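Written out below as structure tokens is the structure these notes cover.
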Amino acid sequence: MKRHLNTLFVTLDGSYLRKDGAAVEIRHEGETKMRVPLHNLEGISCFGWDIGASAALMAACAEAGVSISFHTPHGKFLAATRGFTSGNILLRREQYRRADDEAASVAIAANMLAAKLANARQVLMRAARDHGGKSPERASALGQAADAIAVRIGLLGRAGTLDSLRGIEGDAASTYFSVFRHLLVNHDPLVRISGRSRRPPLDPVNALLSFLYVLLMHDCRSALESCGLDPQCGFLHRDRPGRPSLALDLMEEFRAFLADRVALTLLNRKQITFADFRTAESGAVLLKDDSRKQVLAAWQERKQDEIIHPFLDERVTLGLLPHLQARLLARHLRGDLDAYPAFLSK
């Protein structure tokens, strides 16, 4: 259990939350683990299969405008309780207003993409530093790609339209994936990538990346749901029926830092090999069912790692990053922050 951004995150399975005067009390196996004054909170997020709350606490939270959301231990959104207060509709109306205003959308999307490119550049530079000494050719290719991405980051700040942002991001993504093969050091000729392919993925590396991106998207969607934002109304990705556009926006910051690094770890350690994939008649390369479980386990393990959040300057698990960024985005939309502070890895 820990507080970030006036949100109480409860991760201890078996916990029971109840109202204790003007505070929320978290009890576990008959013992009080924590008491937090309700007026200090704006949200309570529970992660576990067996975490409950009393009706009295839910009523008090509804009256105080504090949301309570319930998630699986892996972060999938299950349900939320909210009262009749107008906070969420005001937040969503502001979200819709910004999404309809191209200049406002560009300001948010540019920060998200700048973080995406900076985090991708960090992955390239880290690989060049860790493995480049064994292959000057690899180090040179990674360094040149990192330099090219740095130029694209500078261009984002001068882009005035969403189409311009998309063009710059597309060029940077093409550069990033053109050298992605140099990040693989397991020397298996069957596990290679020659560029990004999707719908369907045409090689094992793309199949693994696509699966991890789906997991990341679901985590971002859950995070947005839990703080009252509409996951379908994005700033960079525009409206399309059934598409969680804002979740796709939010996940951009985490693609390289979370998903790509999990994929590279699994492949370079040979925890996932060519034998873990199958090729469908359509040519699509897919993970086998048992291998998906292995990837899911690695994904959940990675989310338990901790870092110092660069904006909050607090120690947090990687699994909470989408939730914290969703709440920072909500704060920006409410006017509490002048700009959206997208996540930057160090």
Side-chain angles (χ1 to χ4, degrees), residues 102-185 192-198 205-206 209-210 212-213 216 220 234-238 245 248-264 307 309-311 321 325 328-329 332 338-346:
E102 175 140 351
S105 293
V106 166
I108 296 173
N111 283 3
M112 290 175 163
L113 289 182
K116 172 187 180 176
L117 301 193
N119 293 339
R121 186 168 178 267
Q122 281 290 327
V123 170
L124 300 183
M125 294 173 66
R126 177 177 177 175
R129 183 181 65 245
D130 292 347
H131 306 294
K134 301 173 185 175
S135 171
E137 179 189 357
R138 173 187 297 155
S140 175
L142 293 173
Q144 289 179 24
D147 291 343
I149 291 175
V151 172
R152 302 296 188 282
I153 295 172
L155 295 176
L156 287 172
R158 299 196 290 273
T161 66
L162 289 170
D163 283 342
S164 299
L165 289 179
R166 295 187 189 104
I168 295 167
E169 187 272 339
D171 286 346
S174 178
T175 300
Y176 176 70
F177 282 107
S178 72
V179 297
F180 200 87
R181 65 185 187 280
H182 292 300
L183 302 176
L184 299 168
V185 294
R192 282 292 175 265
I193 179 174
S194 58
R196 181 78 179 117
S197 64
R198 53 181 184 162
V205 179
N206 272 295
L209 288 174
S210 292
L212 287 165
Y213 290 157
L216 177 59
C220 290
F235 302 105
L236 177 66
H237 294 83
R238 308 312 287 175
S245 296
L248 295 174
D249 287 358
L250 184 62
M251 69 180 281
E252 298 287 10
E253 304 163 31
F254 306 113
R255 283 181 185 267
F257 178 71
L258 285 178
D260 294 4
R261 285 177 61 174
V262 169
L264 290 168
I307 60 165
H309 192 286
F311 182 78
L321 285 177
Q325 292 304 127
L328 287 170
L329 177 59
H332 169 57
D338 292 336
Y340 168 60
F343 173 75
L344 284 169
S345 65
K346 292 183 179 178

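What you see is a predicted model, and the numbers here were worked out from it, not measured in a lab.
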As an exercise, state the distance from [atom1] of [X] to [atom2] of [Y], rounded to the nearest 0.5 Å.
X	Y	atom1	atom2	answer
D130	L142	CG	CG	11.0 Å
Q325	F254	CD	CZ	5.0 Å
I149	Y176	CD1	OH	8.0 Å
I307	F257	CD1	CZ	4.5 Å
I153	L117	CD1	CG	5.0 Å
M112	S105	CE	OG	10.0 Å

Are any side-chain N or O atoms of [X] and backbone N or O atoms of [Y], one a donor and one an acceptor, separated by less than 3.5 Å?
X	Y	result
N206	S197	yes
N111	Y340	yes
D249	H237	yes
E253	L113	no
R152	A172	no
N119	A256	no
R196	F177	no
E252	A109	no

Could you report the tightest heavy-atom contact between [X] and [Y], atom names first, then the distance?
X	Y	result
L328	H309	CD1-CE1, 4.1 Å
V185	R138	CG1-NH1, 3.4 Å
G160	V106	O-CG2, 3.9 Å
L344	A118	CD2-CB, 3.6 Å
F343	A115	O-CB, 3.2 Å

Within-4.5 Å side-chain heavy-atom neighbours: [X] and [Y]:
X	Y	result
L124	L183	yes
V205	R192	no
D260	L212	no

Exercise. Do S178 and T175 get their side chains close enough for a donor-acceptor pair, meaning under 3.5 Å?
Worked result: no
